[in-house]
Every structure is written in structure tokens, then in C-alpha cells.
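Report on the following structure.
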Amino acid sequence: TSITVSIPTTGFTSASISVAAQNACGFGTARSLTLSALPATPSAITGSNSVCPSATGLVYSTPAVSGVSYTWTVPTGASITAGQGTNSIEVTWGSVAGSVTVKAKNACGTNNTAKTLAVSLASCRLGEELAEETAVETAMSLDLLVYPNPTVGNATVVFGSEVEGKYTINVLNALGQVVYSKTASSTTGENTHAIDISELSSGLYFINLMEDSGMRSLRLVKK
């Protein structure tokens, strides 16, 4: 009425044990018990490892395994807005760095070894805050203006020149790399120059206007 069973330490996923009673007339109806191994530790977590404070709609996922559910945890201040129990979650971040972790669970139990992804906090601010700072800089930029700011791609640089001459406008990304450059002629008084950064990624850019009299700079936010 009892047996001792050894389960393989590797390669075992599921099986069943069956027992039937027997007498001189034959076998009775068998009864079966399904055995399942604890699920393996999730293999990886995909998602951003550097986020802005209060960022929303962040997606973290791990490869799905049949018959397995997933328990996720996020740092204090962050919250899981969708997907708990599945292999993919959506997160609203808080104001501190931390780790996203996931554990696998099946009918046999929970594998307590978690997969972890460390997430750092990026030095970024909301577009509205950047726009406010840019507006302040514009007022102090010695007759240099760019609009609209923020922009989805096209913007116009307006500047004043005391004499006719040549000018160069460079647009630099946050790494200091020139992503746009144009040289043209200026006239005395107000000048305008159209730029197109629609093919560039969203983020913060720097506009440098260079003339013989010196250089002036502004920040531009690309949505």
C-alpha cells in the first residue's frame, strides 16, 4: 500500500504514478497522481534598465513557459499596473532606483530563486520642465529664439545679426555629437533658419549658432 520513489534531479518535468488493486479475479480500477517538478528559474527579463522618474507604461517580460505563472516585484514607489501573474507586466516607476524581479510558479509550487534586473534612475526630466528651462534661457540668449519648443521635428531658429556675414547652425545630441549642421548667409537685422530633426530620436538637443562675433546656444526638446 506504499512505495518509495526517487525523482531524477535533472531533466524531470512531469509524470504520473498509478496504482491498482489486484486479487484472484484481476485488477481493479487504477488511480493516478500527477507529479510536476518546480518550474525552472525564469531565463531572462527584458525591459529598460535605465528609466526616468515617474515614467509610465514601462514593459518588462520574461519568456513564457506552458503551465507556469509568474510573480513580479518592483521597487518601493513603483507599481505594477497590469500583467501580474503573467510573463509580461506594465510598470509605473517611482523616484528611486531598484530591481525588477520575477519568480516562476506551477502546480507543484514556487521556485524561490528569482531572476533580477537592476534598474537605474536616469537624469531626465519631464518635457514640460525642460520647456520651462528653455524658455528662461531663450529670454537670456542675446536675441536667439527657437520655436516651437518642444517640437515634433520642424523648428525655426530666429536670431539677430549686426552685420551681413556667414553663420553656422549645429544641432548636438546629449552626447555632444553633431546631428545637424548648416552654413548660410545672414543679413543685418532679423534672420530665420528652418531645421528638420524629425528623423532624430526624442530627447534633449542643443542648438549652437556660430558667427564671427561669437557663439550663442539654446536647448531644444524633441518630442
Side-chain angles (χ1 to χ4, degrees), residues 2-20 30-130 150 152 173-177 179 197-205 221-223:
S2 67
I3 58 174
T4 299
V5 178
S6 294
I7 303 297
T9 56
T10 59
F12 176 76
T13 55
S14 65
S16 62
I17 293 179
S18 299
V19 61
R31 296 289 185 264
S32 297
L33 175 68
T34 299
L35 304 180
S36 298
L38 282 175
T41 302
S43 59
I45 297 175
T46 58
S48 178
N49 60 4
S50 179
V51 302
C52 293
S54 304
T56 61
L58 300 171
V59 175
Y60 293 92
S61 62
T62 190
V65 176
S66 178
V68 174
S69 62
Y70 298 90
T71 303
W72 296 83
T73 59
V74 293
T76 301
S79 61
I80 299 171
T81 56
Q84 181 66 281
T86 73
N87 71 307
S88 181
I89 58 170
E90 185 172 298
V91 176
T92 294
W93 206 260
S95 58
V96 297
S99 294
V100 175
T101 66
V102 60
K103 294 180 179 180
K105 178 182 179 181
N106 64 7
C108 190
T110 299
N111 184 335
N112 286 321
T113 302
K115 192 67 176 181
T116 299
L117 176 68
V119 180
S120 62
L121 208 61
S123 298
C124 50
R125 289 151 291 174
L126 298 176
E128 291 81 359
E129 294 172 330
L130 288 172
V152 295
N173 61 20
L175 298 177
Q177 300 165 326
V179 294
I197 58 171
S198 57
E199 298 300 319
L200 301 180
S201 302
S202 299
L204 176 65
Y205 293 88
V221 178
K222 165 72 186 309
K223 290 183 177 180

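If you read the sequence from its start, that first residue is 1, and numbering goes on from there. Atom set for the values below is all heavy atoms of this structure, side chains included, hydrogens, waters and symmetry mates excluded.
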Q.
Which residues pass the side chain to side chain donor-acceptor pair (under 3.5 Å) test with N87, not counting sequence neighbours?
A. none

Show which side-chain atoms of residues 95-104 pair as donor or acceptor with protein atoms under 3.5 Å away, not counting sequence neighbours.
{"from": "T101", "atom 1": "OG1", "to": "T73", "atom 2": "OG1", "distance (Å)": "2.1"}

Q: Determine yes or no for a side-chain-to-main-chain donor-acceptor pair under 3.5 angstrom, with T62 supplying the side chain and A44 the backbone.
A: yes

(Q) Between S202 (side chain only) and K223 (backbone N and O only), is there a donor and an acceptor less than 3.5 Å apart? (A) yes

Q) With T71, which residues qualify under side chain to side chain donor-acceptor pair (under 3.5 Å), at least two apart? A) none

Q | Residues which pass side-chain contact (heavy atoms from CB on, under 4.5 Å) with S48, listed by chain and number, not counting sequence neighbours | A | V51, Y60

Q. I3 and V19: side chain to side chain contact (heavy atoms under 4.5 Å, CB included), yes or no, with the steps?
A. CA-CA 10 Å; I3 58 174; V19 61; over 6 Å; no

Q: First locate atom OG of S61, then atom OH of Y70, and finally report the distance between them rounded to the nearest 0.5 Å.
A: 10.5 Å

Q | Which residues share a side chain to side chain donor-acceptor pair (under 3.5 Å) with T76, sequence neighbours left out | A | none

Q) Do side-chain atoms of T110 reach the backbone of N112 as a donor and acceptor pair under 3.5 angstrom? A) no

Q: Could you tell me the separation between the CH2 atom of W72 and the CD1 atom of I80, rounded to the nearest 0.5 Å?
A: 8.0 Å

**Q.** Atom pair CD1/CD1 of I45 and I89 - distance to nearest 0.5 Å
**A.** 8.0 Å

Q) Listed by chain and number, what are the side-chain contact (heavy atoms from CB on, under 4.5 Å) partners of S120, not counting sequence neighbours? A) S50

Q. If you measure from OG on S69 to CG on N106, what distance do you get to the nearest 0.5 Å?
A. 8.0 Å

Q. For the atom pair CG (N111) and OG1 (T41), what is the distance rounded to the nearest 0.5 Å?
A. 4.0 Å

**Q.** Results of side-chain contact (heavy atoms from CB on, under 4.5 Å) for T92 - residues two or more places apart only
**A.** T56, S79, T81

Q: Would you please name every residue forming a side chain to side chain donor-acceptor pair (under 3.5 Å) with S66, sequence neighbours left out?
A: none

Q: Compare all side-chain heavy atoms of V5 with those of I7 and state whether any distance is below 4.5 angstrom.
A: yes

(Q) Once side-chain contact (heavy atoms from CB on, under 4.5 Å) is applied, do any residues pair with L200, and if so which ones, sequence neighbours excluded? (A) V179, I197, Y205

Q: Measure the SG-CG distance between C52 and L121 for me, rounded to the nearest 0.5 Å.
A: 8.0 Å

